[in-house]
K.L.:
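Next up is a structure, given as structure tokens.
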Amino acid sequence: MILLAVVTISMVVFVIRYNRERHPRPERVKESILLEVVWTVVPTILVIFMFYFGWVDFEYIRNPPKDALTINVTARQWSWLFTYDNGRREGVLNVPVGRPVKLLMTSVDVLHCLFIPAYRIKEDCIPGMTTHLWFTANEPGVYDIFCTEYCGVGHSHMRSQVIALKPEEFRRWYSAEPGRSVAELGMSVLQAKGCLGCHSLDGSSKVGPTFKGLLGRREIVVQAGKEKEIVVDEGFIRQHILDPRSATVKGFPPVMPQTPMTDEELTTIVNYLVAVK
Ligand code: CUA
């Protein structure tokens, strides 16, 4: 506002005062060394000040403390996977309150961007490159994680949560052995492979059909351009995971990625789907 006022008022004054009728002959103006030095040095000092404060904060934001808890983040179409040093893999980000957390992030397919609005931090996840972020959770609670880089049809579903736990609760969670029951084992594979980014467990449609009641369900699939009705069985699930393009369930886009899986992992998923219905 101040700059606008100064520029506009002087422009109007100059136009009136120096127009052709009042000033038919232009005059030669002699330079002023003092003026030039002042308008060079003063802005330079101002800019150096601004740079200094910016640099101090930039250093702080970019350099995680040495004692930070490191968690690896893998982004994929369309889910987040958080891997801990002890091998624990989760679809949500559990962190302890009061301890700095460093995220080492990458993507297995396209550009994604991890955004935690509550902590005011955001950074791209880039295939073939590791980027990082750090934060300290100050209060226990659940906070949103969003993907803020348009990454395809499931982008808006690419959400997760930070769960900030009290240090002792985090310690208990961290040292608990995950994945003994069929359901826990199944969940850990589904999360690790990113299945839950597109397939819900509660019956709602996301990018792909829900897992709820999948086995034994009648579906119309498009196979080699032709529609046919099938009953989903174990064979179809195995075949579809290994070669997603072989058939597409009608009404859903043909975007399921090829996900390498061992036979054991396939069996774990099938067992899970049988168990949860
Ligand atoms: Cu991932 Cu948008």
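The shown structure was predicted, so the numbers you read here are calculated from the model rather than taken from an experiment.
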K.L.:
Has the side chain of Arg76 got a donor or acceptor atom that lies under 3.5 Å from a matching backbone atom of Asp109?
P.N.:
no

K.L.:
Using the benzene-type ring in the case of Trp, are the ring centres of Trp55 and Tyr52 under 6.0 Å apart?
P.N.:
no

K.L.:
List in chain and number order the residues that pass side chain to side chain contact (heavy atoms under 4.5 Å, CB included) with Thr131, two or more places apart in sequence or in another chain; answer none if no residue qualifies.
P.N.:
Met105, Glu123, Ile126, Met129

K.L.:
Tell me whether the centres of the aromatic rings in Trp134 and Tyr60 are closer together than 6.0 Å.
P.N.:
yes

K.L.:
Got a list of side-chain donor-acceptor pairs under 3.5 Å for residues 220-227, not counting sequence neighbours?
P.N.:
unit_1, atom_1, unit_2, atom_2, d
Gln223, OE1, Lys228, NZ, 3.0

K.L.:
So, does Tyr84 use its side chain to make a donor-acceptor pair with the main chain of Asn94 at under 3.5 Å?
P.N.:
yes

K.L.:
Restricting to salt bridge (Lys or Arg N to Asp or Glu O under 4.0 Å), what partner residues turn up for Lys102, sequence neighbours left out?
P.N.:
none

K.L.:
Under 6.0 Å from the CZ atom of Arg62, do we count more than 12 heavy atoms belonging to anything else shown?
P.N.:
yes

K.L.:
Hey, does the side chain of Arg120 reach the backbone of Pro117 with a donor-acceptor pair shorter than 3.5 angstrom?
P.N.:
yes

K.L.:
Counting neighbours of CG on Leu3 that are heavy atoms of other residues, nucleotides or ligands and sit closer than 6.0 Å, is the number greater than 12?
P.N.:
no

K.L.:
Donor-acceptor pair, Asp124 side chain versus Leu111 backbone, under 3.5 Å?
P.N.:
no

K.L.:
Give every residue pair that meets the side chain to side chain donor-acceptor pair (under 3.5 Å) criterion with at least one member in residues 234-249, sequence neighbours excluded.
P.N.:
Glu234-Arg238, Arg238-Asp263, Arg238-Thr267, Gln239-Ser246

K.L.:
Sequence neighbours left out, cut at 3.5 Å: what donor-acceptor pairs do the side chains of residues 147-169 make with other protein atoms?
P.N.:
unit_1, atom_1, unit_2, atom_2, d
His155, ND1, Glu149, O, 3.2
Ser160, OG, Gly91, O, 2.7

K.L.:
At what distance, to the nearest 0.5 angstrom, does CG of Leu133 lie from CG of Leu103?
P.N.:
6.0 Å

K.L.:
Take Val15 and Asn19, measure what side-chain contact (heavy atoms from CB on, under 4.5 Å) needs, and give me the verdict at the end.
P.N.:
CA-CA 6 Å; Val15 163; Asn19 69 20; 5.5 Å; no

K.L.:
For Trp173 and Phe170, take the angle between the two ring planes, folded into 0 to 90°, and tell me which bin it lands in: parallel under 30, tilted 30 to 60, perpendicular over 60.
P.N.:
tilted

K.L.:
How long is the gap from CD1 on Ile145 to CG on Leu93, to the nearest 0.5 Å?
P.N.:
5.0 Å

K.L.:
Starting from the C-alpha separation in whole Å, work towards a yes-or-no answer on side-chain contact (heavy atoms from CB on, under 4.5 Å) for Thr130 and Asn72.
P.N.:
CA-CA 10 Å; Thr130 303; Asn72 288 286; over 6 Å; no

K.L.:
Is there a donor-acceptor pair under 3.5 Å between the side chain of Gln258 and the backbone N or O of Leu242?
P.N.:
yes

K.L.:
Applying side-chain contact (heavy atoms from CB on, under 4.5 Å), run through Lys122 and Cys113 and close with a yes or a no.
P.N.:
CA-CA 7 Å; Lys122 176 152 104 166; Cys113 183; 3.4 Å; yes

K.L.:
Output every pair passing salt bridge (charged side-chain N to carboxylate O under 4.0 Å, His left out) with a member in residues 23-41, not counting sequence neighbours, ordered by first then second residue.
P.N.:
none

K.L.:
Assess the residue pair Thr106 and Leu104 against the criterion (side-chain contact (heavy atoms from CB on, under 4.5 Å)); give the C-alpha distance rounded to whole Å, side-chain angles, the decisive distance to 0.1 Å, and a yes or no.
P.N.:
CA-CA 7 Å; Thr106 192; Leu104 292 178; over 6 Å; no

